[in-house]
Structure formats: structure tokens, C-alpha cells
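Quick notes on the structure that follows.
Residue numbers start at 1 and run along the sequence shown.
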Amino acid sequence: MDTLTSYDELPYDSLPLPETQPDYLAAMAKLHGFDAPDPSRARILELGCAQGGNLIPLAWRWPESDCVGVELSQVQAEAGTAFVEALGRPNVRILHGDLAALPDGLGEFDYIIAHGVYSWVPPSVQQALLEVCRRHLSPHGMAYISFNVAAGWRKLQPLRAALTERTAAELPAPARYAQALRVLDELAAEWTDAALLKEVAYLKAAAPSYLFHEYLADFNAPMTFAEFAAQLDTHGLRYVGEAGPRSAVVELEDAWGLMPEGMAGRWLDAEAALDDALAIRFRRALVAGDDAPCAQPPQAEALCGLAFYADLRSDEEIDLEAATEQGFVNPAGNTFRIAMPAMKAAAMALSAAYPGALDYAALLSAAAQVLAQYGASPELDEAAFRDALLQMVLLHGVMPTVAAGSFAIEPGAIEPGERPCANALARQQANTPGWVVSGARHVAMDLDAPGRMLLGRLDGSRTVDELAAQMQAMLAQSGRDLPLERLRELTWQQLWLFARQGLLV
């Protein structure tokens, strides 16, 4: 089957990707000793943008930015263009075209995003993508390029081989996906390898587009980190750092006295070794021009110039006296173990401030206040605190940004009100089939049909009582009868969720 046809028949979910936010990329670059452009006034190019589920919210958040998306699928490009026209946002456009033949006059970009493209296209298109980065990055620009890593994919290749061999390539994408599900059932009964069985179970529950385009696509070419770095070098580009979550940090011993180029070489070798040691299967690389300063492993001292936000909760009674590990969970269900009392206090302070951000000094002060509030010693070892914070940042338990003021909503400033109103982007996403609602911090919100209907109606014209009555009528049509008072309670709960995600104005 033609690859482009398969993307039309079974499009990839067009989602907001938190790790592609330019303010996050700029913050991560700063940890590696690199100064990236101001994200709030940046020119942003996304290659393979689908219908714009990632790009459009960035343009909405930063009205002074200029955002351009390029998508090969005409179906998805047209869907994105229609959405932009309905939204009336002049600073974003989606072009139907091939990244290997971009139109003239696009100019330079401060940020180039290529998620889910590099490993899934022919070698010639890979080279074209890197050439786009070389030609179109501004002098201090930053590119984000994700790719599959050979170290983690070695054990999974038998699964890809079995799925491609046991399914008919000529079938339409939905039919071949259904066939693949039957093959997964067969493999679950045939195989005994724990790693492969775990992946089989995951694929059976994963989005159809992921299974199809990851395991049945014509191209899926994992590569080593060394191969990727060599290709960057060929195109006049340089690796800056990793934007994805990391469970380990590279530290260079005996690096004193090394020239920057020597340190960079040692670091790249260590990164490659880390892939093998941890069986890394996916990377999100930060890339700049080769005239940029040689980057270095992330430095905890650089945290002092950043701001941070986090949406965490814990079902445990937090012990702020002892350094005992306790679990904090984010909305995606990922658990982060924190032992240092001051870092636990910081997690509590950030969660109370969410969706706002606290700069480093404010975070230190807030952590001390939490410790004092609960009767613990407010004194802390700042160097140890920075190390703990760096670990949380690299794990994506705490997200960094270049400035606390880069997000307009102050903690506690937005409450639902009696006639609640959501921003126009959120309402349009909720009212447009196939579109994912994005929180103000660029996270995908998992809303059911009643939640989407409620959000879509928050234009400020209805009271909470009127909204609850409309929700009651809609649920009654589907055979669910709930008392109005219960619906009013549920409506308020949902409204507070929208407020916490920064959707209300």
C-alpha cells in the first residue's frame, strides 16, 4: 500500500506534545549551556504536522509567534487549514507539501519540530529533513528531531517482522490493522519472551495509528545514536541535548582541562553507551547549527536561571521530616519517587501553583514555606536540592520553562464563575470531531463525550444551573438518568478541572 494513502486512511493522532514546546526546548537547551531564542516571539516550523494538533495550540499561546506547518497528507493538511480558518488565528498556517521540496521564501525559523518523521521515511527524505534544518534554522535556532534507537529496538524486531509477514500489505489500512490484532493474539499464545509479550499486550491496547505506522509501515529504521550524530555532522548540525525523559544522567569523569570539542566528543560517546546500557528505544534530540557552542551534559547550576511547573499528586501522607521515598503521580499515571523532604515540599508547592510556574528563587522560598507550615525545618542544602530538582526535570516530573511569566495565568486567578467561559481554542477543539483538547500547558486532555459537550458550551452565556440541566438532558437521551443536583455537582467538578488546566478565561 502507498504510505501516503495509509496516513489518509488511518491518520496519526494529532496531539499536543509537551516536550516540543519552544519554552521547554529553550529551557532544556539552557541546561546544556546553549541560549535559544525567545519562544514567545519565535518563528516555528513543524515538519509532518498532521492536522496541527501540536502546532495550533502553540500559535494560540503565543500570538506574537509565526507558526508554519508542513504536511504531506492532503486530507490532514486541509483539516488543519479549515480549523485555523474557523479559529481566526492569523499567525499559523498549514501547507500541503513535501518537506523535501519546501516552497521558496519560507525564511529562517527559531524552532523546527520534526516529531515522528525521521525514522519513518526513506533515507533520501531523512537527508532532506536535515538539510531543511541546516538551511532554515536561525543563527541561534533549535531543532527537535525524534527517532527510533537501535539499542531498544533490537529485541522488538521479531515482532515487527511477524506483523509485516502475517498481514497483507495490499489491504486498506483499517483492514490490515484488524488483521494485525488477530496476529497479536496468535503471537501472545505462541511466544514466551517476556519483553515481546509485554509489547504485544501494549499494542493490543494502543491507538490503531501507533500500531500501524510503527510496526506495519514501509519504513521504520532505528539507528544508533552515533549514526545519528554522524549524519548531523555531515549536514553542518550539532547535537545539543535530549528533550525526552531520562532515567540516568551522563557524568564525565576526569574532564577537567578538556577543550570544548574534546568534552563534547566524550559526551557523545557516553550518550551512545547509555543507550546500550538502558536499551533506549526512542530519542528526542535537540539540534543546532555546528557553529553553535559545543554543548555539555546538563548542569544543575543552570536551573537557577529557569522556572518550573508540575501537576503532581500523592495518595500518601507526605513525610517532610525524613528522607524516605514517596510516590508522586502526574495525570498521565507516571510515578516519581522523591526522598528529599525539600523536594517533596517543592512538588507540593508547584502542584498548588499549577498551571502557573515558579522561578528558581520563588520555588526555593515556597519549599521552605511548606516545610515550615508543616513543622519541618525550613533549612535545606541548596546544592543537594538542585541535584534532586535536576533529576525530576530530566524525568519530566517537573517541567522547566525559560520564565515564570511565559504563562499568562497566575496561580488561583481563574475560577469557574457562575457563567463560566472557556477560551475559543478549547471550545473549538471540543466541538470539532477528531480533535484533542489541549490544556494550557500543552497536555492532551482525556475527555469523555459529556465533558467535551460541556466544554464546547462554555461561551459565557449559560449559568452553571443551565449547563447542568443541559447535561442532564443529554445523558437522559443515552439512557442515564441522574438527579439535577448530582449533575450540578458533577458540572462544578468538571469546571474546576478545566480551570486547573488553564482553559477558562
Side-chain angles (χ1 to χ4, degrees), residues 16-47 49 52 54-69 89-93 106-115 132-145 237-238 240-243 284-293 295-296 298-299 301-309 355-363 393 398-410 423 425 438-443 502:
L17 303 166
E19 64 273 18
T20 68
Q21 298 174 95
D23 61 328
Y24 166 76
L25 299 180
M28 292 303 296
K30 201 171 191 66
L31 289 180
H32 292 279
F34 185 94
D35 288 324
D38 178 0
S40 67
R41 296 175 175 83
R43 297 201 73 224
I44 303 168
L45 172 66
E46 183 169 14
L47 304 173
C49 69
N54 185 57
L55 184 66
I56 294 170
L58 297 179
W60 174 266
R61 178 176 175 184
W62 288 304
E64 295 183 60
S65 66
D66 178 24
C67 300
V68 179
R89 208 60 166 182
N91 65 325
V92 58
R93 55 194 169 117
L106 282 183
E108 293 183 336
F109 292 88
D110 301 306
Y111 295 91
I112 296 178
I113 301 168
H115 181 80
V132 167
C133 293
R134 187 194 68 79
R135 287 190 289 109
H136 291 282
L137 271 178
S138 64
H140 295 280
M142 176 72 54
Y144 163 106
I145 304 173
L237 300 169
R238 173 175 288 168
V240 172
E242 175 65 29
R284 303 164 178 87
L286 297 177
V287 173
D290 62 4
D291 56 349
Q296 56 187 334
Q299 304 297 305
E301 293 77 10
L303 294 168
C304 299
L306 301 176
F308 310 91
Y309 60 92
L358 300 177
D359 64 32
Y360 180 78
L363 180 58
V393 165
V398 170
M399 296 293 281
T401 181
V402 287
S406 66
F407 189 55
I409 296 178
E410 295 299 325
N423 67 60
L425 172 64
S438 55
R441 283 297 182 187
H442 213 58
V443 294

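Minimum interatomic distance between Gly502 and Ala440 (heavy atoms only, all atoms of both residues): O-CB, 3.7 Å. For the residue pair Pro139 and Glu108, the shortest heavy atom distance occurs at CD-OE1, 3.7 Å. Across all their heavy atoms, Pro16 and Ser438 have their closest contact at CG-CB, 3.6 Å. Smallest separation of non-hydrogen atoms from Leu55 and Gly69: CD2-N, 3.4 Å. Shown here for Leu137 and Gly289, the closest heavy-atom pair between the two residues is CD1-N, 4.4 Å. Between Cys133 and Ile145 the shortest heavy-atom distance is SG-CD1, 4.1 Å.
Counting only distance, with no hydrogens or angles, the side chain of Arg238 and the backbone of Ala288 share no donor-acceptor pair below 3.5 Å. Not a single donor-acceptor pair under 3.5 Å links the side chain of Asp23 to the backbone N or O of Thr401. Distance alone, capped at 3.5 Å, is enough to place a donor-acceptor pair between the Tyr111 side chain and the Pro37 backbone. The backbone N or O of Asn54 lies less than 3.5 Å from no partner atom in the side chain of Glu46, so there is not a single donor-acceptor pair. With hydrogens and angles disregarded, no donor-acceptor distance shorter than 3.5 Å links the side chain of Arg43 to the backbone of Asp66. The backbone N or O of Ala243 sits less than 3.5 Å from a side-chain atom of Tyr24, completing a donor-acceptor pair. Judged by distance alone, the side chain of Asn91 and the main-chain N or O of Trp62 form a donor-acceptor pair under 3.5 Å. His136 contributes no side-chain N or O that, together with a main-chain N or O of Leu106, makes up a donor-acceptor pair within less than 3.5 Å.
Separation of atoms SG (Cys49) and CG (Leu58) is listed at 11.5 Å; rounding is to 0.5 Å. With values rounded to the nearest 0.5 angstrom, Leu303 atom CG is found 7.0 Å from Tyr360 atom OH. For the atom pair CZ (Phe308) and CG (Leu358), the distance works out to 10.0 Å, reported to the nearest 0.5 Å. Residue Arg61 holds its CZ atom at 12.5 Å from CG of Asn423, rounded to the nearest 0.5 Å. To the nearest 0.5 angstrom, Glu242 atom CD is 8.0 Å from His32 atom NE2. In this structure, the separation between CE on Met28 and CE on Met399 is 8.5 Å, given to the nearest 0.5 Å.
Listed by chain and number, the residues in a ring pair (Phe, Tyr, Trp, His ring centres under 6.0 Å) with Phe109 amount to none (sequence neighbours excluded).
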Before giving the answer on side chain to side chain contact (heavy atoms under 4.5 Å, CB included), spell out for His442 and Thr20 the whole-Å C-alpha distance, their side-chain angles and the decisive distance to 0.1 Å. CA-CA 9 Å; His442 213 58; Thr20 68; 4.1 Å; yes
Please evaluate residues Val240 and Met142 with respect to the criterion side chain to side chain contact (heavy atoms under 4.5 Å, CB included), reporting the C-alpha separation (whole Å), side-chain torsions for both, the decisive distance (0.1 Å), and the verdict. CA-CA 9 Å; Val240 172; Met142 176 72 54; 4.3 Å; yes
Side chain to side chain contact (heavy atoms under 4.5 Å, CB included) between Leu306 and Val393, intermediate numbers included: CA-CA 11 Å; Leu306 301 176; Val393 165; over 6 Å; no
Please report the C-alpha distance between Val92 and Ile44 in whole Å, then the side-chain angles of each, then the deciding distance to 0.1 Å, and finally whether the side chain to side chain contact (heavy atoms under 4.5 Å, CB included) criterion is met. CA-CA 9 Å; Val92 58; Ile44 303 168; over 6 Å; no
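Asp110 and His140 are not linked by any side-chain donor-acceptor pair at a separation below 3.5 angstrom, with hydrogens and angles left out of the test. With 3.5 Å as the limit, one finds no donor-acceptor pair spanning the side chains of Arg441 and Gln21.
Under the 4.5 Å side-chain criterion, counting only non-hydrogen atoms from C-beta, Leu25 is in contact with Leu286. With a 4.5 Å cut-off on side-chain heavy atoms, Leu237 and Asp290 do not count as touching.
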